[in-house]
**Student:** 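Structure in structure tokens, see below.
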Amino acid sequence: MGTVVDAANKEANGSVPTNKNVTVVFVLGGPGSGKGTQCANIVQHFGYTHLSAGDLLRAEIKSGSENGTMIQNMIKEGKIVPSEVTIKLLQRAMQESGNDKFLIDGFPRNEENRAAFESVTGIEPEFVLFFDCSAEEMENRLLNRNQGREDDNIETIRKRFKVYMESSLPVIEYYNSKGKVRKIDAAKPIEEVFEAVKAVFTPSIDKVAA
């Protein structure tokens, strides 16, 4: 009783519309790979709703809800927020959006997240959009964009890369084995990257129209 998961369940009663009607694309890539910029382009051109797991957790904390307070306490204590909690927030955002096409950004962060998402929602992603970028390029971008962000110093950046490599790559490998990864060379200029992204999304739209 009263666990974070209970609170999440209470707050997100009901579930996402039947999975047959919902298209989910996971967007993965290291810090500084340009995911946010490209997600904004995809939303504008292809009508998807962009959901960031990190933003949803931060918004829940800001809301001052019972669930948000528990999430904040877990983060303060250095604990990982359980997958079910993040998934319930994603489900609620999906329901409230009224859309049926979603970009889920920065989730799943690890294999446990991935398995829990499929098990809780019954949804498998249409594909995984993977922004592939060298650590050196991402490092340069993060240091260049440093606008007073505490987490954009070289030591913190390298720690974030290490965590990303260890936890996210197994997820990418899993979906790659199922033929679901669409790899984008994210080191190119923004416009060129988006041309590659458009090529990935356009065939699925043609299929739906057929």
Side-chain angles (χ1 to χ4, degrees), residues 24-46 48 50-62 71-72 74-81 83 86 89-90 102-114 117 125 127-178 180-201:
V24 166
V25 173
F26 287 146
V27 182
L28 297 176
S33 61
K35 296 194 309 289
T37 302
Q38 296 302 332
C39 282
N41 285 336
I42 296 163
V43 166
Q44 200 178 344
H45 284 77
F46 297 105
Y48 278 70
H50 176 207
L51 300 177
S52 156
D55 286 353
L56 288 172
L57 287 167
R58 284 187 285 274
E60 190 67 14
I61 290 168
K62 267 191 185 165
I71 293 167
Q72 188 172 30
M74 293 195 79
I75 291 169
K76 269 188 196 158
E77 289 165 23
K79 293 179 181 169
I80 292 169
V81 177
S83 296
T86 309
L89 292 176
L90 286 166
F102 301 95
L103 299 173
I104 296 184
D105 171 9
F107 186 93
R109 283 182 176 270
N110 53 38
E111 265 293 286
E112 194 266 331
N113 277 176
R114 178 201 65 71
F117 182 87
F127 57 85
V128 175
L129 193 62
F130 171 41
F131 289 100
D132 190 25
C133 199
S134 72
E136 189 182 18
E137 174 66 24
M138 290 191 282
E139 199 173 284
N140 287 337
R141 287 178 183 181
L142 291 176
L143 290 170
N144 288 335
R145 81 168 187 200
N146 191 344
Q147 297 160 333
R149 273 187 60 163
E150 288 171 27
D151 58 351
D152 281 355
N153 65 66
I154 196 77
E155 279 174 33
T156 311
I157 286 168
R158 285 183 177 158
K159 275 185 203 154
R160 286 166 69 199
F161 287 154
K162 188 167 182 284
V163 169
Y164 160 69
M165 295 296 282
E166 286 170 0
S167 56
S168 295
L169 285 184
V171 176
I172 292 158
E173 281 161 10
Y174 170 83
Y175 284 119
N176 202 29
S177 72
K178 301 187 85 168
K180 287 192 169 220
V181 172
R182 308 289 180 268
K183 187 155 88 168
I184 302 289
D185 179 355
K188 293 181 175 174
I190 289 171
E191 295 77 14
E192 284 182 45
V193 173
F194 188 52
E195 286 306 313
V197 168
K198 277 200 285 199
V200 168
F201 278 85

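Since the structure is predicted, the reported quantities are computational estimates derived from the model, not experimental observations.
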**Student:** Apply side chain to side chain contact (heavy atoms under 4.5 Å, CB included) to Val81 and Ile75, showing your working.
**Tutor:** CA-CA 7 Å; Val81 177; Ile75 291 169; 4.0 Å; yes

**Student:** Please report the closest heavy-atom contact between Ile190 and Gln38, naming both atoms and the distance.
**Tutor:** O-NE2, 3.3 Å

**Student:** Should the heavy atoms of other residues, nucleotides or ligands under 6.0 Å from NZ of Lys180 be counted, would the total exceed 12?
**Tutor:** yes

**Student:** Counting N and O atoms only, with roles assigned by atom type, does the side chain of Ser177 sit under 3.5 Å from a partner on the main chain of Tyr174, one being a donor and the other an acceptor?
**Tutor:** yes

**Student:** Are any non-hydrogen side-chain atoms of Asn110 and Pro170 less than 4.5 angstrom apart?
**Tutor:** no

**Student:** Closest heavy-atom contact between Lys35 and Phe131?
**Tutor:** CG-CD1, 3.8 Å

**Student:** Nearest heavy-atom pair of Arg182 and Val200: which atoms, and what distance?
**Tutor:** CG-CG1, 3.7 Å

**Student:** Starting from the C-alpha separation in whole Å, work towards a yes-or-no answer on side chain to side chain contact (heavy atoms under 4.5 Å, CB included) for Leu103 and Val43.
**Tutor:** CA-CA 8 Å; Leu103 299 173; Val43 166; 4.2 Å; yes

**Student:** To check you understand the geometry: which heavy-atom pair defines the closest contact between Ser33 and Ala186, and what is its length?
**Tutor:** O-CB, 3.4 Å

**Student:** Please report the interatomic distance CD(Glu192) to CD1(Ile184), rounded to the nearest 0.5 Å.
**Tutor:** 12.5 Å

**Student:** What's the verdict on side chain to side chain contact (heavy atoms under 4.5 Å, CB included) for Asn176 and Val128, showing C-alpha distance, side-chain angles and the deciding distance?
**Tutor:** CA-CA 9 Å; Asn176 202 29; Val128 175; over 6 Å; no

**Student:** Applying the side chain to side chain contact (heavy atoms under 4.5 Å, CB included) criterion to Cys39, which one of Val197, Val27, Val25, Leu51 satisfies it?
**Tutor:** Val27

**Student:** Could you walk me through whether Ile42 and Phe201 pass the side chain to side chain contact (heavy atoms under 4.5 Å, CB included) test, one step at a time?
**Tutor:** CA-CA 9 Å; Ile42 296 163; Phe201 278 85; 3.7 Å; yes

**Student:** What's the verdict on side chain to side chain donor-acceptor pair (under 3.5 Å) for Ser83 and Asn113, showing C-alpha distance, side-chain angles and the deciding distance?
**Tutor:** CA-CA 5 Å; Ser83 296; Asn113 277 176; 2.8 Å; yes

**Student:** Calculate, to the nearest 0.5 Å, the distance between atoms CG and CD1 belonging to Leu28 and Ile104 respectively.
**Tutor:** 10.5 Å

**Student:** How about Arg109: does its CZ atom have over 12 heavy atoms from other parts shown lying under 6.0 Å from it?
**Tutor:** no

**Student:** Taking all atoms of both residues into account, what is the closest heavy-atom pair of Val171 and Ser167, and its distance?
**Tutor:** CG2-O, 4.0 Å

**Student:** Rounded at 0.5 Å granularity, tell me how far CG in Leu57 sits from CE in Met74.
**Tutor:** 11.0 Å

**Student:** I'd like to know if Arg158 pairs up with Glu139 as an ion pair, taking the criterion as any Lys NZ or Arg NE/NH1/NH2 lying under 4.0 Å from an Asp or Glu carboxylate oxygen.
**Tutor:** yes

**Student:** Run the ring-ring contact (aromatic ring centres under 6.0 Å, His included) test on His50 and Phe102 for me, step by step, so that the C-alpha distance in whole Å, both residues' side-chain angles and the decisive distance to 0.1 Å come before the verdict.
**Tutor:** CA-CA 6 Å; His50 176 207; Phe102 301 95; over 10 Å; no

**Student:** Does atom NZ (Lys178) have a neighbourhood of more than 12 heavy atoms from anything else shown, all under 6.0 Å?
**Tutor:** yes

**Student:** Under 30°, 30 to 60°, or over 60°: which ring-plane class applies to Phe107 and Phe26, parallel, tilted or perpendicular?
**Tutor:** perpendicular

**Student:** Check the pair Phe130, Tyr175 against ring-ring contact (aromatic ring centres under 6.0 Å, His included), reporting the backbone distance first and the verdict last.
**Tutor:** CA-CA 11 Å; Phe130 171 41; Tyr175 284 119; over 10 Å; no

**Student:** Name all residues meeting the salt bridge (charged side-chain N to carboxylate O under 4.0 Å, His left out) criterion together with Glu77; count only those two or more places apart in sequence or in a different chain, and write none if there are none.
**Tutor:** Lys79

**Student:** Quick one: closest heavy-atom pair of Gly106 and Ala53, and the distance?
**Tutor:** O-CB, 4.4 Å

**Student:** Does some side-chain heavy atom of Pro31 sit less than 4.5 Å from a side-chain heavy atom of Arg141?
**Tutor:** no

**Student:** Return the CD to CZ distance between Gln44 and Phe194, rounded to the nearest 0.5 Å.
**Tutor:** 7.5 Å

**Student:** Calculate, to the nearest 0.5 Å, the distance between atoms CD and CD1 belonging to Glu60 and Ile71 respectively.
**Tutor:** 5.0 Å

